[in-house]
2 protein chains.
Amino acid sequence: MKKKQSIQHSIHDLARRLHLSPATISRVLNNHPHVHKETRNKVMAMVEKVGYRRNAMASGLRSNKTNTVGLIVPRISMFFHAEVITTIQNELHAYGYQLIICQSNDSVEVEKELTRTLHASRVAAVIVSCTLFTTDFSHFDVLTENNIPVIFYDRVPAKPYPACIIKGDDFRGGYLATSYLLEQSCRRIAHISGPLTCSVYVDRFAGYRQAMQEYGLSVADKRVFFHELTAENARKTMKELFSRKPYPDAVFAANDVSALEALHFAKEMGLRVPGELKIVGYSNDPRSAIVTPSMTTIEQFPTNTGKVIVTELVKILKGDHSKGSAAVADYPTIVTAVELIKRKSV
Amino acid sequence: MKKKQSIQHSIHDLARRLHLSPATISRVLNNHPHVHKETRNKVMAMVEKVGYRRNAMASGLRSNKTNTVGLIVPRISMFFHAEVITTIQNELHAYGYQLIICQSNDSVEVEKELTRTLHASRVAAVIVSCTLFTTDFSHFDVLTENNIPVIFYDRVPAKPYPACIIKGDDFRGGYLATSYLLEQSCRRIAHISGPLTCSVYVDRFAGYRQAMQEYGLSVADKRVFFHELTAENARKTMKELFSRKPYPDAVFAANDVSALEALHFAKEMGLRVPGELKIVGYSNDPRSAIVTPSMTTIEQFPTNTGKVIVTELVKILKGDHSKGSAAVADYPTIVTAVELIKRKSV
DNA sequence: AAATTCTTCGCAACCGTTTGCGTAAATAAA
DNA sequence: TTTATTTACGCAAACGGTTGCGAAGAATTT
């Protein structure tokens, strides 16, 4: 063990060692012009030597800027979000930003508390995918009021909100899934939807209805279910659906967890899939590819979503989002593409 | 839109409004004693009214303490880590701490850079699960030298390091998996291992060998493979294994991704599983439960791991980890239990 | 009533960086 | 050589909280 000193070096230390002022050190570190080349080299050498690292808190306090971005998602264990986050983090890191990742666990209360905390740490921006139940977005006002830009993605506000919005084409996803089932001669298509407090399920449901209408089919209420999309709930719904005839000939589930559970249930019941029941899921969860039969689903391209988010974010952060106080109309809404992945469950 | 002022309130603002000094406001916010009850109430009321939130940077700068904890993991999309992180975050949040989650992407360089960044933001502690290839741990010295406690989990240093270590019982996991296969009369058990630069694979491999030895079997080098545990690599290994007879009668893979790919390969080859080939994985990835046949695997209880981590962390953070400069021996090493989950692939 | 203790609060320094302003030295222009 | 301009750097005041010290007033003791 070397007897290294346990010293947090400051620019004052460096200044003393080099017979310079802290101001000069700071200017070197911030690439200010008007500092002698030789001085700059000496400073950089010393920085290397003692392993100096700028104190982010002091820097942030003084300059009123940080290079940390906050992120709030329902849960990181959801495949889609995990992928998006990974992309965001890697891309942002290249721009010199850090990411504070927070989970709301689909609790509005936690989401509120997290926005307060992120505000307290004066993050440079906040990226949000809302809880299932967020219908009032006023708790994000504390951010926008303080010029902290907000980007919503995936689960976004239904009403206009002064923030950039990036969402998948859920309407199209619902439409593609349902149309495909209709093309395969299904006519009694059940839909397992999430709660309609959440934008994505509203749109997927709308896509489902549109497709049904185009085939002149009415949406039978008794074949559409709204609840949190857990395996347990999906099982209950399947039991309900198969408690009386006529059985549905297809299920379009708004996420893969439900679709997988539907498949599980069908297999237990001895139903042939896709023979007697066809199933389509949503999100292209890795599990959907490896079940038997493999699951037809909607791909959301999470990596692409992450890249779009970072692109917009960097635009906002570099561009001086100063007092501009732009109108709601000035914030872009970007819709990213989705794609039907045809597998064996249809 | 209300014309709310875009003002970052400071304790000076509050002080002015209440005809008090900033010091008093600060004492109220920090629950210092010796402040009049009435005054306290007035301050708290004003805090509520204007929506004041303490500036974490200013606070951290002055008090030289932060309530953010850094976390470095290879990738959050790994099921085990996602679960651990979720638990850590939820538990820590209850203690008033935030979590900065970072991914090294299994790159040692990124891991180094991330520790530097976390040091720069003067986090209260750092939790690390190393990359596959981290054998030199000196880049963490910058943390320990500056009294930032470090907790390693899962993938931990092989050599003594002055930090708390929390690891699963990988030796036992390897032993349980292999013994179980041996009990089922398997004798040609292949092992797909990760690189031995990583502690967990060393131990799982050791458990495998121990079990084999107890059955008087030598470990045939040609049945043991070391590489990153991706699906692609597992496929190559399976091809190799089944390129010549005698075929192995079982595969113990050190993670579920490899086990699942092994199963996939076996099915493609028309091998009956578990009839002709038995497979055991590791981690109890959600996918392992839903494949056909379902996968026997080792449960690591990630939620428990997360809780243990937080318990230790809080102990460290509350206890003044001051100049103590404890010897390596003073840091605990905790080994958490694992369990064999018997399913249909054996 | 005087002396002592306790309660409540303000003063001011400090945490480590940043940055406008000022100034001395060096260079260019007159 | 004198004057104007540029370059290189230091001074000192912020940024928003925290905290030791001290002081005024209230409560208690003698």
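These numbers were taken from a predicted model, which means no experiment stands behind them. Every chain is numbered from 1, with letters handed out A, B, ... down the list of sequences.
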Side chain to side chain contact (heavy atoms under 4.5 Å, CB included) for His12(B) and Ile25(B)? Distances and angles first, verdict last. CA-CA 8 Å; His12(B) 293 88; Ile25(B) 312 286; over 6 Å; no
Show which side-chain atoms of residues 36-57 of chain B pair as donor or acceptor with protein atoms under 3.5 Å away, not counting sequence neighbours.
residue  : atom : partner  : partner atom : Å
Arg40(B) : NH2  : His32(B) : O            : 2.9
Asn41(B) : ND2  : Lys37(B) : O            : 3.4
Arg54(B) : NH2  : Asn30(B) : OD1          : 2.7
Asn55(B) : OD1  : Met57(B) : N            : 2.8
Asn55(B) : OD1  : Ala58(B) : N            : 3.2

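- From Gln89(B), atom CD reaches atom CD of Gln98(B) across 9.0 Å, with rounding to the nearest 0.5 Å.
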Between the protein and nucleotides 17-20 of chain D, list every N/O to N/O distance that falls short of 3.5 Å.
residue : atom : partner  : partner atom : Å
dG17(D) : OP1  : Tyr52(B) : OH           : 2.8
dG17(D) : OP1  : Asn55(B) : N            : 3.4
dG17(D) : OP2  : Ile11(B) : N            : 2.6
dG17(D) : O5'  : Tyr52(B) : OH           : 3.0
dG17(D) : N2   : Arg62(B) : NH1          : 3.4
dT18(D) : OP1  : Arg54(B) : NE           : 3.1
dT18(D) : OP1  : Ser59(B) : OG           : 3.1
dT18(D) : OP2  : Ser26(B) : OG           : 2.9
dT18(D) : OP2  : Asn30(B) : ND2          : 3.0
dT18(D) : O2   : Arg62(B) : NH1          : 2.6

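- The aromatic rings of Phe152(A) and Phe140(A) stand perpendicular to each other, their planes meeting at an angle above 60°, with 30° marking the opposite boundary.
- A perpendicular orientation is assigned to the rings of His81(A) and Tyr153(A), their planes being inclined by more than 60° (bins at 30° and 60°).
- Atom NE2 in His36(B) sits about 10 Å away from atom P in dA27(D), given to the nearest Å.
- Each of His19(B) and Leu61(B) lies near DNA chain C, and the nucleotide nearest His19(B) is the one positioned closer to the 5' end.
- Checked against Thr115(A) for a side chain to side chain contact (heavy atoms under 4.5 Å, CB included), the options Ile72(A), Val150(A), Val126(A) give a single hit: Ile72(A).
- His34(A) comes within 4.0 angstrom of a nucleotide base, judged by non-hydrogen atoms across all strands.
- Ion pairing of Lys112(A) with Asp136(A) is absent here, as no side-chain N (NZ or NE/NH1/NH2) approaches a carboxylate O to less than 4.0 Å.
- Annotation: the span from Leu114(A) atom CG to Gln103(A) atom CD amounts to 9.5 Å, rounded to 0.5 Å.
- Here chain B contacts DNA chain C (any atom closer than 4.0 Å to a heavy atom, that is under 4.0 Å), and the contacts span dT7(C) to dG16(C) from 5' to 3'.
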